[in-house]
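Reckoned from all heavy atoms, side chains included, excluding hydrogens, waters and symmetry mates.
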Amino acid sequence: MKSMIKDAAILVMITVIAGLLLGGVYQITRNPIALAEEQAANEANLQVFAQASGFEIIDAEDISTTSAWMEEGFGGVQVDAVLQALDKDGSVLGYVLQVTSHEGYAGDITFTMGIGMDGHLNGISILKISETAGLGMKAESVLVPQFTDKRVEKFSLTKSGAMAEAQIDAISGATITSNAFVTAANAGLYYFQTELGGGGNES
């Protein structure tokens, strides 16, 4: 009995010490991690809105569960954050939306997209992706450039080569990833058009 009590006491001590050490490590790394994440997000914002002097988070209505959102086919997409892109005088140049698709082949895909007040899409910048190496992970080099400098109402996916401004050519062998990107980008455009007073899109 004494041996069991002793062993139990040792285990409790080990658990307490390990907990304290983990807590200490968390406190030490929490701020640097938060700072790194903030810096990465700011860099992504600048990539999609290089002409902005600053960004300001605004209160955005969550419409991800509305019937209209679902009817548009965006049930697997969520707008995580909306920021105003501001010039040096504080005037609004447009918006940066952080969008997450839950329909990636290997998990969530999150990216930012910068949209000017006239509906012009500057481009997108990936924040999180964990698709298949050699296939879906080609999104950075194959898909992202296709969204740059576009002014369309809605994108469509093609497997035979993009022939129009609104078409996005899919990654060969990674249709699920490609579709997730196109759907999420369309969700961001739809949000801009319906919730942020989107302006004069051209197809």
Problem set entry | side chain to side chain contact (heavy atoms under 4.5 Å, CB included) partners for Ser53, two or more places apart | Lys88
For this session: Given side-chain contact (heavy atoms from CB on, under 4.5 Å), test Asp169 with Gln146 step by step and report yes or no.
Result: CA-CA 8 Å; Asp169 196 27; Gln146 296 187 67; 3.4 Å; yes
Seminar exercise, completed: side chain to side chain contact (heavy atoms under 4.5 Å, CB included) filter on Leu196, not counting sequence neighbours, yields Ile58, Val82, Tyr95, Leu97, Tyr191, Phe192
Problem set entry | Euclidean distance, Leu189 CG relative to Lys154 NZ, rounded to 0.5 Å | 10.5 Å
Exercise. Can you check whether Val77's main-chain N or O pairs, donor with acceptor, with Trp69's side chain at less than 3.5 Å?
Worked result: yes
Exercise. Who else is in Phe49's hydrophobic cluster (ILVMFWY, side-chain heavy atoms under 4.5 Å, direct or via others)?
Worked result: Leu46, Val48, Phe55, Ile57, Leu83, Leu93, Val96
Seminar exercise, completed: Sorted by chain and number, sequence neighbours left out, ring pair (Phe, Tyr, Trp, His ring centres under 6.0 Å) with Phe147 holds for Phe155
Exercise. Do any N or O atoms from the side chain of Thr183 and from the backbone of Ala180 form a donor-acceptor pair under 3.5 angstrom?
Worked result: no
Exercise. Judged by atom type as modelled, is there a donor-acceptor pair below 3.5 Å linking the side chain of Glu131 to the main-chain atoms of Tyr105?
Worked result: yes
For this session: Spell out, as yes or no, whether a donor-acceptor pair under 3.5 Å connects the side chain of Gln193 to the backbone of Glu153.
Result: yes
Exercise. Between the main-chain N or O of Glu165 and the side-chain N or O of Lys150, is there a donor-acceptor pair closer than 3.5 Å?
Worked result: yes
Seminar exercise, completed: Closest heavy-atom pair, Ser101 versus Ala184, reported as atoms and distance to 0.1 Å, is CB-CB, 4.0 Å
For this session: Using distance alone, with no hydrogens and no angle criterion, decide if Gln78 and Thr100 have a side-chain donor and acceptor under 3.5 Å apart.
Result: no
Seminar exercise, completed: Across all chains, not counting sequence neighbours, the side chain to side chain contact (heavy atoms under 4.5 Å, CB included) partners of Thr148 are none
Exercise. Arg151 side chain to Asp118 main-chain N or O, any donor-acceptor pair under 3.5 Å?
Worked result: yes
For this session: Kindly indicate, with the supporting measurements, whether the criterion side-chain contact (heavy atoms from CB on, under 4.5 Å) is fulfilled by Thr158 and Ile168.
Result: CA-CA 6 Å; Thr158 179; Ile168 300 296; over 6 Å; no
Exercise. About how many Å separate CD of Gln47 and CG of Asn122, when rounded to the nearest 0.5 Å?
Worked result: 12.0 Å
Seminar exercise, completed: Interatomic distance, CD@Glu140 vs CD1@Ile126, rounded to 0.5 Å, equals 4.5 Å
Problem set entry | Shared-cluster residues of Leu135, by chain and number - hydrophobic side chains joined below 4.5 Å | none
Problem set entry | Polar side chain donor-acceptor pair, Asp89 to Ser91, under 3.5 angstrom | no
